[in-house]
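Input: a single structure, listed below in structure tokens.
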2 protein chains.
Amino acid sequence: MKRKITLKQIAKELDVSISTVSKALRNSIEISEDTRQKVQAFAKLYNYRPNNIALSLKNRKTKTIGIIIPEIVHHFFSKVITGIELVANKRGYNVIVGLSNESFDKEVINMQMLANGSIDGFILSIAKETLQQQDYHHFIETINQGMPIVMFDRVVKEIPCDKVIVDDVDGAKKAVEKLIENGCKNIAIITTKDYVSVGKLRTQGYLEALDDHKIHPKSSLILKIEDKLLSDDHLDELEKDIEQLFKSNKQIDGIFAVNELYAVTAIKVARKLGLKIPESLQVVSFTDGVLSKHSTPSLTTMSQHGQNIGEKAADLLINRLELEETDEEEEETYETIVIETELIERESTK
Amino acid sequence: MKRKITLKQIAKELDVSISTVSKALRNSIEISEDTRQKVQAFAKLYNYRPNNIALSLKNRKTKTIGIIIPEIVHHFFSKVITGIELVANKRGYNVIVGLSNESFDKEVINMQMLANGSIDGFILSIAKETLQQQDYHHFIETINQGMPIVMFDRVVKEIPCDKVIVDDVDGAKKAVEKLIENGCKNIAIITTKDYVSVGKLRTQGYLEALDDHKIHPKSSLILKIEDKLLSDDHLDELEKDIEQLFKSNKQIDGIFAVNELYAVTAIKVARKLGLKIPESLQVVSFTDGVLSKHSTPSLTTMSQHGQNIGEKAADLLINRLELEETDEEEEETYETIVIETELIERESTK
DNA sequence: AAACTTCTCGCAAACGTTTTCGTGTTAAAA
DNA sequence: TTTTAACACGAAAACGTTTGCGAGAAGTTT
């Protein structure tokens, strides 16, 4: 109904110029105490707020940052967003979210939509499809156009940008070591196919842990799941695969699962087969989400500190944005922050 | 480095006017085939895209919608966002997210940040604190300034705007009826204090179901939890309360929990007390999230169809935005869409 | 040859700000 | 009285678009 009030309207109403109004509101000494008060009172009365879009256009920056993530219904990504939003707001930025839904095309489209002036920079985690196709031209292009990117979790080394990652290898290693310490002799891993970088890295950590303890890895103990979005119909298949794993390897006494879902499913299957947890089978998971915390038994897991990752990423991006502002042509040097993982012990281990 | 290219630059480069470039790119018949091709080729080469901010300023609309939710690390809200994002993108809109973190102040601040031109309309779910204080002036003000709002899930009737809700009373009723059908004689409810509207409504549904079946409600079977953000330290207290409930009411054979967390906690406690599920205790939950699906036993629950809610809300908002465009002063009439709940039967009931 | 059309294109305004630079008025200094 | 300084304000440009309108050139009709 009543459109938002503008400087022009205030100016007309008070019979002064637009510039006077603007200056009065910003407490410029150019304006007399008298008119300043008059203008400010009027502005307050009509609840004037400067139009963001106009400011963005003028300042050539929007004070908003774009987030592109594969999906939002996912504890880890939500946590990261929480972290980003927290520091973004604190530093006067807004956050605009795009979902790639793990699709290359949607990732590209979304980035294009946002890159046309809507945002000052990106924080993103790469879609699986993109990772598979290894087509990163859209990232390169936006960077070349002067728009900084910060990648987190799923990153690719070659792209010149800041990154925030978790030390997946180390985390996995620590997780497996926990099982070894606890006396497990036959530790299986449930992981993803290798094109999912985090899966690959965690598998690597598993192998390193075994190696460090002179345990010979057995390929029959390594179950690589084709993770097609973890759809519901896929769940049965997952259960079958895990059941097969147990049945053909009766000696398994420890499981390292690269995510919560694999872990709870493993526990479910193990129980069905009569295994007691943690007495005869111990399980360690990765990613500290609701399932780990609230399922029974609760899961011992490696926390990735998602919120922390988000906070770091946002700081990195905003720092760069505000640095650009002052010091134009500075040598480009990018940072990679590694967030420590942390073992959270719960009921699924002794 | 290389700033994004603008009409002005293209114009200078090709030695024509800005308007010619603009028209050429939009295939205006005013421009000769020749120059049109020339301009388009050049634009393509330099990957020209119109600046969104400038467009927003000119058109006085941003084609982005603002979402304000209490928290994002929450299956239901994430699902809603997924839904909103889905139809928003399909209809050419972007989505910008603000988190109120259940705080009144943050809700107000966030809305102010976005309302100054950054977005065309809001989709939101009210913070608990706001609900408690019953201070809705910020909603009223933004609506009065001509910015439409669509509320979902946590709404307040008096505010003149479109709403998308779940029939909590009916859903709760159906849930409890399921327990009754399954032979439960002593059904307890674990719910929130009444100021949380959904808790109140679901409690009401519980009572109605009992009433319909001539079962006399017992206040000792109604456990109202003070839900302070469900923080971790609060969890112990929750467990104690539930344990107390069971111990002082040994005859309980059915539990209706108004959210997943209450349900899994109830199950955990019940098991500790030696109850078998679903043989000696059946549990129905509300909200279909990861916990319901993947914890053991999996939970029979009322699904709220979060994504559906999001889709409907987005459609409602965009419809209104695009209607305003054509038909200015139209009588204001608001819609409330009720999304059907659906019982999903799993292992926690017979 | 004069009067119309038809094509092409550029000018200028508008969206809402901020800010630089003038400019006119008044008061103080010479 | 004249020059100068301080003060209070306005005009205009800029950010990047789109678009109505005017205008020159060329061609067509009388």
Side-chain angles (χ1 to χ4, degrees), chain A residues 2-40 42-43 46-64 115-120 145-147 325, chain B residues 3-40 42-43 46-64 113 115-120 145-147 325:
Chain A
K2 189 176 55 183
R3 272 256 155 274
K4 289 223 61 167
I5 197 167
T6 69
L7 285 187
K8 194 195 276 193
Q9 294 170 46
I10 300 184
K12 194 158 101 186
E13 212 66 34
L14 262 44
D15 206 41
V16 291
S17 78
I18 295 181
S19 9
T20 304
V21 178
S22 175
K23 287 171 186 165
L25 290 175
R26 329 196 95 245
N27 278 316
S28 161
I29 46 160
E30 282 186 50
I31 306 300
S32 72
E33 185 61 24
D34 234 33
T35 39
R36 226 186 303 171
Q37 298 229 335
K38 197 173 55 178
V39 171
Q40 295 195 2
F42 191 89
Y46 281 88
N47 198 18
Y48 169 81
R49 301 247 185 278
N51 181 310
N52 255 329
I53 295 291
L55 285 181
S56 295
L57 184 59
K58 179 139 194 33
N59 302 329
R60 276 125 135 262
K61 63 185 164 196
T62 62
K63 287 270 185 182
T64 96
N116 301 321
S118 303
I119 61 164
D120 295 340
Q145 291 194 343
M147 179 163 299
E325 217 162 90
Chain B
R3 272 254 156 275
K4 289 223 61 166
I5 197 168
T6 70
L7 286 187
K8 195 195 275 195
Q9 293 169 48
I10 300 185
K12 193 157 100 185
E13 212 66 35
L14 262 44
D15 206 41
V16 291
S17 78
I18 296 181
S19 14
T20 303
V21 177
S22 175
K23 287 170 184 166
L25 290 175
R26 328 196 96 246
N27 277 318
S28 160
I29 46 161
E30 280 185 48
I31 306 300
S32 70
E33 184 62 24
D34 233 34
T35 40
R36 225 187 302 171
Q37 299 229 334
K38 197 173 57 180
V39 171
Q40 296 196 1
F42 191 89
Y46 281 87
N47 198 18
Y48 169 80
R49 300 246 186 278
N51 180 311
N52 256 328
I53 295 291
L55 286 181
S56 297
L57 183 58
K58 179 140 195 31
N59 302 330
R60 276 125 134 259
K61 64 186 162 193
T62 62
K63 287 271 183 180
T64 97
M113 282 194 71
N116 302 321
S118 303
I119 61 163
D120 295 340
Q145 291 194 341
M147 180 162 300
E325 217 162 272

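Hydrogens, waters and symmetry mates play no part in the numbers below; they use all other heavy atoms, side chains included. In what follows, chains are A, B, ... by sequence order, proteins preceding strands, each numbered from 1.
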Next on the checklist: Just the rounded figure in Å: distance from C1' of dT18(C) to CG of N52(A).
Outcome noted: 14 Å
Checklist entry - Rounded to whole angstroms, how far apart are CD1 on I31(A) and C1' on dG10(D)? => result 9 Å
Item to check | Contacts of L7(A) that satisfy side-chain contact (heavy atoms from CB on, under 4.5 Å) - sequence neighbours left out | outcome: I18(A), V21(A), S22(A), L25(A), Y48(A)
Checklist outcome for this item: In whole angstroms, the gap separating P of dG16(C) from NZ of K12(A) amounts to 12 Å
Item to check | Atom-to-atom span, CZ of R60(A) to C1' of dG16(D) - whole angstrom | outcome: 10 Å
Next on the checklist: Tell me the interatomic distance from L14(B), atom CG, to dC9(C), atom C1', rounded to whole angstroms.
Outcome noted: 14 Å
Checklist entry - What one-letter contact string describes nucleotides 17-24 of chain D from 5' to 3', where B marks a base within less than 4.0 Å of any protein heavy atom, S marks contact via sugar-phosphate atoms alone, and - marks no contact? => result BBBBB---
Next on the checklist: I'd like to check the side-chain hydrogen bond (donor to acceptor under 3.5 Å, both in side chains) partners of S28(A); sequence neighbours left out, ordered by chain and number.
Outcome noted: none
Next on the checklist: Tell me the interatomic distance from Q9(A), atom CD, to dT17(C), atom P, rounded to whole angstroms.
Outcome noted: 9 Å
Item to check | Pairs touching residues 50-60 of chain A that satisfy side chain to side chain donor-acceptor pair (under 3.5 Å), sequence neighbours left out | outcome: N52(A)-S118(B)
Checklist entry - Does S17(A) place a side-chain N or O at less than 4.0 Å from the phosphate oxygens OP1/OP2 of dG10(D)? => result yes
Item to check | Position toward the 5' end of DNA chain D (nearest nucleotide), L57(A) or T35(A) | outcome: T35(A)
Checklist entry - Heavy-atom count around N27(A) CG within 6.0 Å, excluding the residue itself: above 12? => result yes
Checklist outcome for this item: Atom CG of N27(B) and atom C1' of dT8(C) are separated, to the nearest Å, by 16 Å
Checklist entry - Rounded to the Å, how far apart are L25(A) CG and dG16(C) P? => result 16 Å
Item to check | By side-chain hydrogen bond (donor to acceptor under 3.5 Å, both in side chains) - contacts of T62(A) (at least two apart) | outcome: D120(A)
Item to check | Where at least one partner belongs to residues 7-26 of chain B, residue pairs that pass salt bridge (charged side-chain N to carboxylate O under 4.0 Å, His left out), sequence neighbours excluded | outcome: K23(B)-E30(B)
